[in-house]
J.: 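Starting off with a structure, shown below.
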Amino acid sequence: MRIAMIGTGYVGLVSGACFSEFGVHVTCVDKDAGKIERLRRGEIPIYEPGLDDLVARNVAAGRLSFTLDLKEAMQGVDAVFIAVGTPSRRGDGHADLSYVYGAAEEIAANLDHYTVVVTKSTVPVGTGREVADIIRRVRPDAEFDVASNPEFLREGSAIGDFMRPDRVVIGATSDRAGEVMRRLYRPLYLIETPIVVTSLETAELTKYAANTFLAAKITFINEIADLCEKVGANVHDVARGIGLDGRIGKKFLHPGPGYGGSCFPKDTLALVRTAQQVGSPLRIIETVVDINDKRKKRMAERIIAACGGSVAGKTVAVLGVAFKPNTDDMRDSPSLDIVPALIEAGATVRAYDPAAMHEAEKLLPGVEWAKDAYGTLEGADCVTILTEWNEFRALDLRRVKALLKAPVMVDLRNIYNPDDMAQAGFIYTSIGRTAPALS
């Protein structure tokens, strides 16, 4: 089989490389000549563990290629995927579909045989129908179907998520389109991955419903963590106690400074706007969005309180600025609220992140950047952990204490044990764990 993948961002590049690993011939298309040239040289423009090897292997095998020419990419394909960005639209929070609709027009101009046009981008309900209308308007004679195939990839583990997914969701407008999509995913069918084939609208909504539910789960445990601090309970024990219930599950019950990244912030807001537009408001998700925004802004207050109520003239060491580990993604990261608030309060911020500093430098002016974790610490009045990278989980605490001016740690990811930190002589602040940990 042959497919074209429009967009070489996170979703397009990962999906294209993984399809090629299935034996599909994939041509990835992008308008950014610099990015295409880098990909042809074997340079990966995003940070995703294992992606460089996957791309190199399939390029060498002749199954994966990169081009600026959509017409060339669409020759003889069974399907063309739209995997372009759908950022929040400035001003109202709706998803900006201009890139999707632009891709649909270009696809229409190059259709010369039956092709399934697949929306892989996260798009609001009704987008697939609009894509079909655009293609029919541009090319009334074209033979095609539109399908929806939402992605459920987690940054940092995207390849595993694609190769061993919980499910594959396909919204198809005809049996013919559904059969093409089943053939593409045949390797997963052979290992009995559930394939959910449904309508366009249902598939589009499923993606948003999944992300907003997980965002709500994160927000729920964050609020429970705040309550734990008030009543002297341990949020980790609460999370374990409820997570062992099969109806709830243990995932996404880790308290922190609030969710960020490329999906949850924009998808929750887009679904809220869609629901309001059709007169069926989602009050729970509206509240989730509001709580999460306010939580990220409040996290700087915790750090300031740990420093005695003021950070004016003090140095705060920050470990991690990406929204999560194993990615360089800074989109809606809590650090974008926390770090500027500390600087505004008079602090000098010295930071380190294993992957995201190149991007963070553009977004966090005024920060001093260190070469490693220990490089942030010398003479600092406090150290705070914003991203739970593995290399921060086993720091030499004696060395940390010796480098700091004061042994103050604010752990916004709860990666250390409060009892251990007390024994090591630290003034330690975490989230939702005021009571001594039980052995």
Side-chain angles (χ1 to χ4, degrees), residues 156 215 217-230 234-236 238-239 252-261 264-265 291-308 311 314-327 329-330 332-343 345 347 349-354 356 360 364 367 373 376-377 380-395 397 400 404 406-418 420-422 426-434 437:
K217 201 172 179 182
I218 292 170
T219 304
F220 172 80
I221 202 62
N222 282 341
E223 291 218 295
I224 292 296
D226 291 346
L227 179 59
C228 284
E229 293 174 6
K230 298 293 186 182
N234 186 320
V235 68
H236 284 317
V238 173
F252 289 84
L253 289 177
H254 303 288
Y259 61 76
F264 288 0
I291 291 171
N292 190 68
D293 287 344
K294 290 177 179 176
R295 182 175 189 81
K296 289 190 285 187
K297 291 177 172 59
R298 289 202 314 270
M299 290 299 104
E301 298 172 8
R302 286 178 174 255
I303 299 168
I304 293 170
C307 291
V311 290
K314 296 181 179 181
T315 298
V316 177
V318 172
L319 298 182
V321 291
F323 89 94
K324 64 179 284 188
N326 297 320
T327 181
D329 199 336
M330 288 291 298
D332 282 289
S333 172
S335 67
L336 297 178
D337 287 298
I338 297 168
V339 171
L342 293 173
I343 293 174
V349 174
R350 192 184 303 136
Y352 167 73
D353 189 284
L364 294 172
V367 172
T376 68
L377 302 174
D381 298 273
C382 167
V383 57
T384 183
I385 300 172
L386 301 189
T387 314
E388 64 276 32
W389 285 92
N390 282 337
E391 67 180 78
F392 301 154
R393 295 178 180 274
L395 295 172
L397 295 180
V400 172
L404 290 170
V408 178
M409 179 182 285
V410 181
D411 183 358
L412 297 183
R413 296 295 183 173
N414 287 8
I415 66 176
Y416 284 98
N417 182 293
D420 293 343
M421 298 304 291
F426 280 84
I427 302 168
Y428 178 76
T429 301
S430 59
I431 294 181
R433 298 186 298 175
T434 57

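What you see below is based on every heavy atom in this structure, not just the backbone, and it leaves out hydrogens, waters and symmetry mates. Quantities reported herein were computed from a predicted structural model and do not represent experimental measurements.
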J.: Apply salt bridge (charged side-chain N to carboxylate O under 4.0 Å, His left out) to Asp332 and list each qualifying residue two or more places apart in sequence or on a separate chain.
T.: none

J.: Sequence neighbours excluded, which residues qualify as side chain to side chain donor-acceptor pair (under 3.5 Å) partners of Arg302?
T.: Asp226, Glu229

J.: Quick check: do Leu386 and Pro334 have side-chain heavy atoms less than 4.5 Å from each other?
T.: no

J.: Do Thr315 and Arg350 make a side-chain contact, defined as non-hydrogen atoms from C-beta onward lying under 4.5 Å apart?
T.: yes

J.: In chain order, what residues pass the salt bridge (charged side-chain N to carboxylate O under 4.0 Å, His left out) check against Asp329, with sequence neighbours excluded?
T.: Arg331

J.: Apply the test side-chain contact (heavy atoms from CB on, under 4.5 Å) to residues Tyr352 and Trp389: give CA-CA distance (whole Å), side-chain angles for both, the deciding distance (0.1 Å), then the verdict.
T.: CA-CA 11 Å; Tyr352 167 73; Trp389 285 92; over 6 Å; no

J.: Passes side-chain contact (heavy atoms from CB on, under 4.5 Å), Thr376 versus Leu319? Steps please.
T.: CA-CA 8 Å; Thr376 68; Leu319 298 182; 3.5 Å; yes

J.: Would Glu301 and Ile303 count as a side-chain contact (heavy atoms from CB on, under 4.5 Å) here? Give the steps.
T.: CA-CA 5 Å; Glu301 298 172 8; Ile303 299 168; over 6 Å; no

J.: Go through the structure and list residues passing side chain to side chain donor-acceptor pair (under 3.5 Å) with Ser333, not counting sequence neighbours.
T.: Ser335

J.: Taking the side chain as C-beta and beyond, is there a heavy-atom pair between Ile338 and Leu412 under 4.5 Å?
T.: yes

J.: Could you tell me which residues satisfy side-chain contact (heavy atoms from CB on, under 4.5 Å) with His254, sequence neighbours excluded, listed by chain and number?
T.: none

J.: So does Gly256 get a backbone contact from the side chain of Asn222, meaning a donor-acceptor N/O pair under 3.5 Å?
T.: yes

J.: Of all residues at least two apart in sequence or in a different chain, which pass the side chain to side chain donor-acceptor pair (under 3.5 Å) check with Ser430?
T.: Arg433

J.: Hey, does Ile221 have a side-chain heavy atom less than 4.5 Å from the side chain of Val235?
T.: yes

J.: Got a sec, which residues hit side-chain contact (heavy atoms from CB on, under 4.5 Å) with Ala360, two or more places apart in sequence or on another chain?
T.: Val321, Met330, Leu364, Trp369

J.: Can you list everything that forms a side chain to side chain donor-acceptor pair (under 3.5 Å) with Asn414? Sequence neighbours excluded, please.
T.: His236

J.: List for me each residue that meets side-chain contact (heavy atoms from CB on, under 4.5 Å) alongside Lys294, sequence neighbours excluded, and say none if there are none.
T.: Asp290, Arg298

J.: Identify the two heavy atoms, one from Val367 and one from Ala351, that lie closest to each other, and give their separation to 0.1 Å.
T.: CG1-CB, 3.8 Å

J.: For Asn292 and Arg295, test the side chains for any donor-to-acceptor distance below 3.5 angstrom and give the result as yes or no.
T.: no

J.: Once side-chain contact (heavy atoms from CB on, under 4.5 Å) is applied, do any residues pair with Phe220, and if so which ones, sequence neighbours excluded?
T.: Ile224, Ile242

J.: Within the structure provided, determine whether Val339 and Val316 are in side-chain contact (heavy-atom separation under 4.5 Å).
T.: no

J.: May I ask you to decide if the ring planes of Phe264 and Tyr259 are parallel, tilted or perpendicular, using 30° and 60° as cut-offs?
T.: perpendicular

J.: I need the minimum non-hydrogen distance between Leu395 and Tyr416, along with the two atoms involved.
T.: N-OH, 3.1 Å

